[in-house]
Amino acid sequence: MTTRFCLICTFLCGICSIASAQNPLAQADSLFASGQFLVARVGYERVLYTAESPDIQVGAAMGKARCLKQQGLYAQAVAFLNGQIQPSYPDSLLYSLRREQILCAYLAGQFENALSLLERLPYLHSDVPVSPLLMAIRVLSLNELRRWPEASVAYHELAVMAQTDTLSVPYRQVPELKSEKKAQWLSTFIPGAGQFYAGRPGEAVLSIVMQSAGLYFGVTSFLQGYYLSAWGVGAGLFGSFHAGGVRRAEVLVRQLNQRKAAAFNANVRQQVLEMVK
């Protein structure tokens with residue numbers, strides 16, 4: 001019985017060895033499919049540095065990039081793929097690597113980098129038509145950078161490519177963002193005005209009260225002859241709350257703009273994803 005069991009194990013190991021020799025990526029692919037991304041990365045790296053075939057090497061590089069994406073390491077995936085683009089590879093394999101790098105750059109929040117890579121792609125692979133996915137990444141990257149006029153043009157191009165109705169184009173009503181500089185100037189010369197401008201009347205009233213209290217204490221102390229208290233406490237309080245109010249107004253406007261842009265971009269993102277499904 002023991003001898004028969006050993007023979008079966010030997011036979012199965014032989015089959016696995018033959019399968020591994022025919023497809024060096026099989027073991028790493030199996031680990032990836034089972035969710036063992038860190039171990040799968042090690043397997044892909046081993047294949048990457050031992051394989052001689054460009055197809056296998058690129059397959060291992062793509063596999064490792066997928067593992068990094070699953071682990072949320074998008075920036076690391078971008079840097080890794082950048083080092084894997086070898087001029088000796090065929091154009092079809094290079095295109096696959098560059099397309100994956102663009103996707104990882106977008107996921108990493110490297111929107112300028114993603115757009116730069118996208119702009120170079122037609123020159124490097126002029127015979128390959130732009131895919132809807134890459135067009136979608138262009139639209140979404142421009143949105144995140146708040147370059148909405150350019151994003152509108154790219155959106156129309158994607159809609160034509162996807163043969164989608166453009167009647168409900170979201171760029172007809174882009175967010176009206178407020179100026180952080182204007183909020184600073186308003187708060188500098190009119191206490192609380194920057195907070196009102198940012199849509200926070202409660203904070204505006206609080207800023208007015210605190211600055212007025214500091215100013216009142218300083219003036220009262222000065223008139224009563226308490227000059228040190230007037231300058232040290234009154235002027236100090238007024239100056240601190242005034243400077244804080246100016247900075248707070250800038251922060252509030254920035255947060256307001258971020259909320260408006262995020263809501264608009266989320267709406268566009270949903271429509272774009274519907275087009276490229």
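Below, all heavy atoms of this structure are taken into account, side chains as well, without hydrogens, waters or symmetry copies. All values derive from a computational prediction rather than experimental measurement.
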Any [X] side-chain heavy atom under 4.5 Å of [Y] side chain:
{"X": "Phe80", "Y": "Cys104", "value": "no"}
{"X": "Pro54", "Y": "Ser88", "value": "no"}
{"X": "Gln86", "Y": "Leu94", "value": "no"}
{"X": "His156", "Y": "Val153", "value": "no"}
{"X": "Leu25", "Y": "Phe32", "value": "no"}
{"X": "Asp29", "Y": "Tyr44", "value": "yes"}

Can you measure from [atom1] ([X]) to [atom2] ([Y]) and round to the nearest 0.5 angstrom?
{"X": "Leu158", "Y": "Gln271", "atom1": "CG", "atom2": "CD", "result": "11.0 Å"}
{"X": "Glu176", "Y": "Lys178", "atom1": "CD", "atom2": "NZ", "result": "9.5 Å"}
{"X": "Leu140", "Y": "Leu145", "atom1": "CG", "atom2": "CG", "result": "11.0 Å"}
{"X": "Glu157", "Y": "Arg138", "atom1": "CD", "atom2": "CZ", "result": "7.0 Å"}
{"X": "Leu115", "Y": "Glu150", "atom1": "CG", "atom2": "CD", "result": "8.0 Å"}

I'd like to know if the side chain of [X] and the backbone of [Y] have a donor-acceptor N/O pair within less than 3.5 Å.
{"X": "Tyr197", "Y": "Ser179", "result": "yes"}
{"X": "Asn267", "Y": "Pro170", "result": "no"}
{"X": "Ser187", "Y": "Gly194", "result": "yes"}

Query raised in the report: For Val42, which residues count as a side chain to side chain contact (heavy atoms under 4.5 Å, CB included) partner, sequence neighbours excluded?
Result: none

Requested in this report: For Leu252, enumerate each residue passing the side chain to side chain contact (heavy atoms under 4.5 Å, CB included) test, keeping only those at least two apart in sequence or located in another chain.
Outcome: Gln195, Ala198, Arg200, Glu203, Arg248, Gln255

Under a plain distance cut-off of 3.5 Å, with no hydrogens placed, do [Y] and [X] share a side-chain donor-acceptor pair?
{"X": "Glu144", "Y": "Tyr106", "value": "no"}
{"X": "Asn143", "Y": "Tyr155", "value": "no"}
{"X": "Ser34", "Y": "Gln36", "value": "yes"}

Report task. Group every Ile, Leu, Val, Met, Phe, Trp and Tyr by side-chain heavy-atom contacts under 4.5 Å, then state whether Leu81 and Ile56 land in the same group. Result -> no

Report task. Give the minimum heavy-atom separation between Ala136 and Val276, together with the two atoms involved. Result -> CB-CG1, 3.8 Å

Query raised in the report: Where is the tightest heavy-atom contact between Ala61 and Leu97, given as atom of each residue plus distance?
Result: CB-CD2, 4.1 Å

Query raised in the report: More than 12 heavy atoms of other residues, nucleotides or ligands under 6.0 Å from NZ of Lys260: is that the case?
Result: yes

Query - Worked verdict on Tyr171 versus Phe264 for ring pair (Phe, Tyr, Trp, His ring centres under 6.0 Å) - result: CA-CA 9 Å; Tyr171 295 96; Phe264 176 78; 5.6 Å; yes

Requested in this report: Report the residues that fulfil side chain to side chain donor-acceptor pair (under 3.5 Å) with Tyr89, sequence neighbours left out, ordered by chain and then residue number.
Outcome: Gln57

Query raised in the report: Residues two or more places apart in sequence or in another chain: which of them pass side chain to side chain donor-acceptor pair (under 3.5 Å) with Gln184?
Result: Glu250

Query - side chain to side chain contact (heavy atoms under 4.5 Å, CB included) between Gln84 and Val58, worked out - result: CA-CA 8 Å; Gln84 299 305 311; Val58 171; over 6 Å; no

Side chains of residues 116-132: which donor-acceptor pairs under 3.5 Å do they make with residues two or more places apart or in other chains?
from, atom 1, to, atom 2, distance (Å)
His125, NE2, Arg98, NH1, 2.8
Ser131, OG, Leu134, N, 3.3

Could you go through residues 62-78 and list every donor-acceptor pair under 3.5 Å that involves a side-chain atom there, pairing it with any protein atom two or more places apart or in another chain?
from, atom 1, to, atom 2, distance (Å)
Lys64, NZ, Glu45, OE2, 2.6
Lys69, NZ, Glu100, OE2, 2.7
Gln71, OE1, Arg41, NH1, 2.8

Report task. Mind running side chain to side chain contact (heavy atoms under 4.5 Å, CB included) on Gln101 and Ile85 for me, showing each step along the way? Result -> CA-CA 10 Å; Gln101 187 181 28; Ile85 297 176; 3.5 Å; yes

Query raised in the report: Between Glu274 and Arg269, is there a side-chain N and carboxylate O pair less than 4.0 Å apart?
Result: no

